[in-house]
Amino acid sequence: MEKELIQKLIKTATDQLAYSYVPYSHFHVGAALLAEDGSIYKGCNIENAAYTPSNCAERTAFFKAVSEGVRKFSAICVVGGMDGRLTEYAPPCGVCRQVMMEFCDPKTFEIILATDTEHYQVLRLEELLPMGFGPGNLAE
């Protein structure tokens, strides 16, 4: 992936931090999901007092895209930090990795973790979810 596109995804994800609803953890997360057609779906984390109904930024972006009929994705950028300060990488949680496994090819789908547009790491889903369980496991 070209550096210019990576930087655009990082900026888009970082902009989403402002929309996070995190009155409990104060850990803001933003995501920018790149569909194969070049569309970008944005997400932020949304907490709930009961905790389990909370939703991560990554899943917010995926659910927005899937709810609009999009099923093919190339990459996602995830940024996050306490009080919205990006001091270290914020990798996706296990539930988000599982959602990615549902819709993405683990060998090609890229996950960009960043603290700013110059400091980032690009990983494939199979690196973050080795031996992942997905639709292929249920195929006859």
Side-chain angles (χ1 to χ4, degrees):
M1 183 179 309
E2 295 179 15
K3 184 174 183 173
E4 185 176 290
L5 180 54
I6 291 172
Q7 290 177 327
K8 179 179 180 179
L9 292 171
I10 293 169
K11 182 176 181 341
T12 301
T14 302
D15 289 347
Q16 291 306 295
L17 296 171
Y19 301 106
S20 292
Y21 176 74
V22 292
Y24 309 106
S25 74
H26 306 286
F27 195 93
H28 297 251
V29 181
L33 175 63
L34 178 64
E36 282 189 2
D37 69 1
S39 301
I40 297 173
Y41 293 86
K42 305 174 221 175
C44 65
N45 56 329
I46 304 165
E47 294 181 346
N48 187 285
Y51 291 108
T52 55
S54 296
N55 201 51
C56 297
E58 301 92 305
R59 284 183 283 140
T60 299
F62 267 97
F63 296 163
K64 286 167 92 172
V66 171
S67 73
E68 294 180 23
V70 179
R71 301 287 192 278
K72 296 184 179 186
F73 306 97
S74 302
I76 192 167
C77 177
V78 183
V79 299
M82 288 300 294
D83 298 315
R85 286 177 279 118
L86 306 182
T87 58
E88 60 186 80
Y89 295 144
C93 74
V95 174
C96 288
R97 293 176 198 200
Q98 188 61 48
V99 168
M100 291 174 195
M101 189 71 186
E102 183 70 21
F103 296 103
C104 306
D105 179 347
K107 295 185 181 311
T108 60
F109 185 73
E110 295 180 314
I111 299 166
I112 303 158
L113 306 176
T115 54
D116 60 48
T117 56
E118 296 301 320
H119 299 93
Y120 59 86
Q121 184 174 5
V122 181
L123 302 159
R124 286 184 319 281
L125 178 55
E126 70 179 358
E127 293 176 276
L128 289 180
L129 187 64
M131 298 178 68
F133 184 87
N137 295 97
L138 299 175
E140 292 184 33

For this session: Report the distance from atom NZ of Lys72 to atom CG of Leu34, rounding to the nearest 0.5 Å.
Result: 14.5 Å
Problem set entry | Test item: Lys64 side-chain N/O and Gly43 main-chain N/O as donor-acceptor pair under 3.5 Å | no
Exercise. Could you go step by step and tell me if Met100 and Leu129 meet the side chain to side chain contact (heavy atoms under 4.5 Å, CB included) rule?
Worked result: CA-CA 10 Å; Met100 291 174 195; Leu129 187 64; over 6 Å; no
Problem set entry | Distance in Å, Gln7 CD paired with Glu2 CD, rounded so as to fall on 0.5 Å steps | 11.0 Å
For this session: Locate the shortest heavy-atom distance separating Met101 from Pro135; write the atom from each residue and the value.
Result: O-CD, 3.7 Å
For this session: With sequence neighbours excluded, give me every salt bridge (charged side-chain N to carboxylate O under 4.0 Å, His left out) pair touching residues 97-106.
Result: none
Exercise. With a 4.5 Å heavy-atom cut-off, do Ile76 and Phe62 have their side chains touching?
Worked result: yes
Problem set entry | Leu5 side, atom CG; Leu9 side, atom CG - distance, nearest 0.5 Å | 4.5 Å
Seminar exercise, completed: When every non-hydrogen atom of Val70 is compared with those of Ala35, the smallest separation belongs to CG1-CB, 3.8 Å
Exercise. Is there a donor-acceptor pair closer than 3.5 Å between any side-chain N or O of Asn48 and the backbone N or O of Ala50?
Worked result: yes
For this session: Nearest 0.5 Å please: distance from the CD1 atom of Ile111 over to the CD atom of Gln121.
Result: 10.5 Å
Exercise. Out of curiosity, Arg59 CZ to Gln98 CD, how far, rounded to the nearest 0.5 Å?
Worked result: 11.5 Å
For this session: Write out all pairs satisfying salt bridge (charged side-chain N to carboxylate O under 4.0 Å, His left out) with one or both partners inside residues 11-23, taking only residues at least two apart or from two chains.
Result: Lys11-Asp15
Exercise. Are any side-chain N or O atoms of His28 and backbone N or O atoms of Leu17, one a donor and one an acceptor, separated by less than 3.5 Å?
Worked result: yes
For this session: Kindly determine whether Ile40 and Leu33 satisfy side chain to side chain contact (heavy atoms under 4.5 Å, CB included), including the steps that lead there.
Result: CA-CA 5 Å; Ile40 297 173; Leu33 175 63; over 6 Å; no
For this session: Check whether Leu125 and Leu113 end up in the same hydrophobic cluster, where Ile, Leu, Val, Met, Phe, Trp and Tyr are linked by side-chain heavy atoms less than 4.5 Å apart.
Result: yes
For this session: Indicate yes or no for a side-chain donor-acceptor contact from Thr12 to the backbone of Lys8 under 3.5 Å, with no hydrogens or angles considered.
Result: yes
For this session: Report yes or no: do Ile46 and Met82 belong to one cluster of Ile/Leu/Val/Met/Phe/Trp/Tyr joined by side chain heavy-atom distances under 4.5 Å?
Result: no
For this session: Tell me whether the centres of the aromatic rings in Tyr89 and Tyr120 are closer together than 6.0 Å.
Result: no
For this session: Scan side-chain atoms only and decide if Glu88 and Thr115 contain a donor-acceptor pair under the 3.5 Å cut-off.
Result: no
For this session: Examine distances only and state if a side-chain atom of Arg124 and a backbone atom of Phe109 form a donor-acceptor pair shorter than 3.5 Å.
Result: no
Exercise. If Ile, Leu, Val, Met, Phe, Trp and Tyr residues are connected whenever their side-chain heavy atoms lie under 4.5 Å apart, and connections chain through other members, are Val29 and Ile10 in the same group?
Worked result: no
Exercise. Do Gln16 side-chain atoms and Lys42 backbone N/O form a donor-acceptor pair below 3.5 Å?
Worked result: no
Exercise. Going hydrophobic residue to hydrophobic residue with side-chain gaps under 4.5 angstrom, can you get from Phe103 over to Leu128?
Worked result: yes
Problem set entry | Stepwise side chain to side chain contact (heavy atoms under 4.5 Å, CB included) check, Asn45 with Asn55 | CA-CA 6 Å; Asn45 56 329; Asn55 201 51; over 6 Å; no
For this session: Please report the shortest heavy-atom distance between Cys56 and Cys93, naming the atom on each side.
Result: SG-SG, 3.8 Å
Exercise. Can you check whether Val66's main-chain N or O pairs, donor with acceptor, with Arg71's side chain at less than 3.5 Å?
Worked result: yes
Problem set entry | Minimum-distance pair of heavy atoms, taken over all atoms of Tyr24 and Glu47 | N-OE1, 3.0 Å
Problem set entry | Remaining members of the apolar cluster that contains Leu138, side-chain heavy atoms under 4.5 Å | Phe133
For this session: Evaluate the side chain to side chain contact (heavy atoms under 4.5 Å, CB included) criterion for residues Tyr41 and Phe63: first the C-alpha distance (whole Å), next the side-chain angles of each, then the deciding distance (0.1 Å), finally the verdict.
Result: CA-CA 9 Å; Tyr41 293 86; Phe63 296 163; over 6 Å; no
Exercise. Can you check whether Cys44's main-chain N or O pairs, donor with acceptor, with Ser20's side chain at less than 3.5 Å?
Worked result: no
Exercise. When hydrophobic residues are tied together by side-chain contacts of less than 4.5 Å, even through go-betweens, does Val99 share a cluster with Leu123?
Worked result: yes
For this session: Rounded to the nearest 0.5 Å, what's the gap from CD on Glu4 to OG1 on Thr117? Could you check?
Result: 12.0 Å
